[in-house]
Amino acid sequence: MITVTLPDGSQKQTARGTTIGDFVRDGIGAGLAKAALFARVNGQDVDLARPLTEDAKLQVFTTKSPEALELIRHDAAHVVASVVQRLFPGTQVTIGPSTEEGFYYDFFREKPFTPEDLEKIEAEANKEIARNLPFVRTEISMEEAIRLFEGKGEKFKVEIVKDIAAKGAKTLTLYSHGDWVDFCLGPHGPTTGRIGVIKILSSSGAYWRGDHRNPMLQRVYGTAFFDKKALQEYLTRIEEAKKRDHRKLGKELDLFHFHPFAPGSAFWTPKGTTLYQTLSNWMRRLTAEQGYVEIKTPLLFNKGLWEISGHWGKYKENMFLVLDNESGEHDFSLKPMNCPSHHLYFGFKRHSYRDLPLRLHTQDVLHRNEAAGSLGGLTRVRQFAQDDAHIYCMESQIGDEVRRFVQFLDHVYNAVGLQYSAKFSTRPEQRLGDDATWDQAETALEGVLKTLNVPYEVKPGEGAFYGPKIDFDVSDSIGRKWQLGTIQLDYLAAQRFDLTYIGEDNAEHRPVVLHRAIFGSFERFIAILTEHFAGAFPAWLAPVQAVIVTVADRQLDYARQVKEQLRAKGYRVELDERGQTLNAKIREAQIHKIPYTLVIGDNEVQAGAVAPRRYGGEDLKSMKLEDFQALLAKEAPLP
RNA sequence: GCCGGUGUAGCUCAGUCGGUAGAGCAACUGAUUUGUAAUCAGUAGGUCGCGGGUUCAAGUCCCGCCGCCGGCCCCA
């Protein structure tokens, strides 16, 4: 007999070799057994069909746990792969993991899937669920596995198996359902029937192993839920989220345009420009408060600069080169980043340790020649401006500067209500500088995250070759994550640009450079904010803070006075003078998500009042104009 | 750049089998003067993304290019 310990601490005895499924049914209850999908035994996730061979801590996962949803999506990926191979003979399988919202499976075949193909796949996959086939786990030797997949002509599978074998694995776990087999660590649910429902969402090309030199695979995206209702809720949520898409709102609220003659570069309307300028002014004020100084540097530089910075060698493909008529060569480039010019600026004069930390802030326009296929809305553009800054400091100041920055960023994101997640990227294999320096740098960055209790994910080896970094991601309306803020330590720049300061010891030292941004880029930040607020910007940021509507034309004279008075105070106010009904004008203001609609009728004219209505419908009732001004005075200033 | 989808009025979209383009909203004009989400009527608006080709005839079929959308790669 062996002892099984349950999550609540209770213990039960069972015969050695009892499967988990049987144990749960006989030892705990039939209800749980029916709902169970997989189990965690001594910390390892396993199938219910696995026997209990030793004393174990056992946790059972049912349809209620998020882990189970992930599991059935993995099950679904297997099912989809099996029906694809049945429907499209000759298609080779590769890999198919679950993702945050569903799963995908990459196939190799000559012809891409058509939308009709995807419908067929979805229908077949759901039939496979109805067949309720058991998932069967077996183990075979690596040699057998290679023979098995070679026999099937699965070249990609063979390649993966060989890689796994090269890492020292002796056996391979196979999972089959029906007559289809794949290798996979598992676990899987008991049967295909437990998946519930599969929805195929889209397909796209994807490079084998993510490398553009490799063959292109056909990726099928899908998702799975325990029941149709949950799927429908998900689909509805996606539809709702699309309404918040900044590209859609950008049109509806008249914020920006794009033209085919300038792909990836926005035209900003007066309203969009207000957003842009308001954020710019806000960041200028904040950086000044934080001890930064703002500078402007040239937009166009000779390649000499890029040769020193290393961009000419490593980043040239992404730079817009400019012809110099005199030399006849493309010797100049629009700057893709501010750092090199900041380094030049630092070098204009001798610096004392007393000057440090020197914090240079710049909001200049940058150009990057991004791949045409990667452009999209305001989140990925070719022309943009960062709230960029470089901090030149002594090594002893790094910790303090990083802490100040993370607090600064937290303040900014909190002020607009953005949730972010931090990623800490450590030393890559190819790197510059000795291990002691890296130790110090990584300790400094991670120490700040720990001290400030910022939850973060470690990305081992993903740091830049010149130093570790922390990135700050925020999700858009359809769940895609975008990097906004970043702070990167750089030990290389000072060397390449021969930057020095005179220390207390009267000797020359190299400063450390911190690259950092909070908005990331104004363009991307505005996109994210637009989706975050669903276009209903708070009063301080809203392009139009109040729109005045009159009940009848006879109040227009007074309404014009109100408009002028509010504008004189610096508020962004419009007057709707169209001869429309009150309802029509109010509707218009609501559609444009204006924070305040000021209704003016005879009562207001007489009382020197306005009747404000908040976006969303809240009627604040008639109040003196001065009272409304006091209200705006609280909400309209930069946070 | 690669794979797929897509492009018709300012916006959202319809346009059948190839037979020379339509609606709603917006705009403009007139009437209406209304108290918290659409007053009524009329007018105007299009080189169907661009360039070739097939055809008696192309928004519609074919080819190329461009843009946009979803991914891949990359990244703020």
Side-chain angles (χ1 to χ4, degrees), chain A residues 104 106 111-115 117-118 201-221 242 245 247-248 251-252 254 257-264 315 317-318 336-338 366 368-388 471-474 478 480 482-486 515-525 527-528 549-556 578-592 597-604 611-622:
Chain A
Y104 65 81
D106 285 347
K111 278 203 271 177
F113 297 107
T114 64
D117 292 341
L118 298 183
L201 297 168
S202 62
S203 68
S204 77
Y207 300 110
W208 168 237
R209 299 199 152 161
D211 190 324
H212 68 276
R213 291 165 299 195
N214 286 338
M216 177 149 296
L217 308 172
Q218 300 304 323
R219 177 170 294 181
V220 173
Y221 282 91
K242 280 184 185 162
D245 190 309
R247 290 165 296 197
K248 187 170 159 60
K251 268 184 199 160
E252 290 170 1
D254 191 27
H257 299 280
F258 285 93
H259 192 279
F261 285 160
Y315 202 73
E317 285 200 344
N318 281 300
M337 300 175 187
N338 291 303
L366 305 175
R368 296 184 189 175
N369 199 353
E370 302 291 352
S374 71
L375 300 176
L378 288 174
T379 45
R380 194 66 194 281
V381 289
R382 284 186 173 147
Q383 179 192 302
F384 59 100
Q386 297 180 316
D387 61 320
D388 203 3
D471 291 324
F472 299 87
D473 291 353
V474 174
I478 53 175
R480 292 179 298 198
W482 295 96
Q483 185 194 320
L484 300 180
T486 183
H515 305 251
R516 44 107 307 170
I518 292 176
F519 292 161
S521 76
F522 286 92
E523 283 73 6
R524 186 174 286 179
F525 197 69
I528 292 289
V549 299
T550 58
V551 174
D553 287 352
R554 63 179 174 277
Q555 296 106 12
L556 275 174
R578 295 172 310 155
Q580 284 285 357
T581 58
L582 178 66
N583 276 350
K585 288 184 284 195
I586 286 176
R587 180 169 188 272
E588 184 84 359
Q590 293 296 306
I591 286 170
H592 287 99
T597 305
L598 306 180
V599 178
I600 289 177
D602 292 337
N603 299 340
E604 283 71 28
R613 171 201 163 106
R614 280 213 170 93
Y615 170 67
E618 187 192 356
D619 185 354
L620 299 185
K621 307 294 180 198
S622 211

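In what follows, chains are A, B, ... by sequence order, proteins preceding strands, each numbered from 1.
OP1 or OP2 of B/rG70 has at least one side-chain nitrogen or oxygen of A/Arg247 nearer than 4.0 Å. Side-chain N/O atoms of A/Gln386 include none lying less than 4.0 angstrom from OP1 or OP2 on B/rA76. The side chain of A/Arg554 places no N or O atom within less than 4.0 Å of a non-bridging phosphate oxygen (OP1 or OP2) of B/rU33. Checking the phosphate oxygens (OP1, OP2) of B/rC74, no side-chain nitrogen or oxygen of A/Arg368 falls inside 4.0 Å. Note on A/Gln580: a side-chain N or O is less than 4.0 Å away from OP1 or OP2 of B/rU39.
Look at the C1' atom in both B/rA58 and B/rC17: the space between them is 14 Å, to the nearest Å.
Side-chain N/O atoms of A/Asn583 and base N/O atoms of B/rU36 include no donor-acceptor pair closer than 3.5 Å. For B/rC74, its base sits under 3.5 Å from the side chain of A/Arg380 at one donor and acceptor pair at least. At a cut-off of 3.5 angstrom, the base of B/rG1 holds at least one donor-acceptor pair with the side chain of A/Tyr207.
If you check B/rG35, B/rU33, B/rC75 against the side chain of A/Asp553, the one that comes closest is B/rU33.
Put simply, CD on A/Glu370 is 17 Å from C1' on B/rG67, counting in whole angstrom units. Summarising the geometry, the separation between NZ on A/Lys242 and P on B/rG70 is reported as 9 Å, rounded to the nearest angstrom. The CD1 atom of A/Ile591 sits 17 Å away from the P atom of B/rU36 (whole-angstrom rounding). Between A/Met216 atom CE and B/rG4 atom P the separation is 9 Å, expressed in whole Å.
As the counterpart of B/rG51, B/rC63 is assigned, both hydrogen-bonding distances of the Watson-Crick or G-U wobble pattern falling under 3.5 Å.
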Can you give me the N/O atom pairs linking the protein to nucleotides 45-50 of chain B at distances under 3.5 Å, or say none if there are none?
none

All N/O pairs under 3.5 Å across the protein-nucleotides 11-15 of chain B interface:
{"from": "B/rU12", "atom 1": "OP1", "to": "A/Lys251", "atom 2": "NZ", "distance (Å)": "3.3"}

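Counting heavy-atom neighbours within 6.0 Å of A/Arg578 CZ, excluding the residue itself, gives a total above 12.
For A/Glu317 and A/Asn369, the side-chain atoms include no donor-acceptor pair closer than 3.5 Å.
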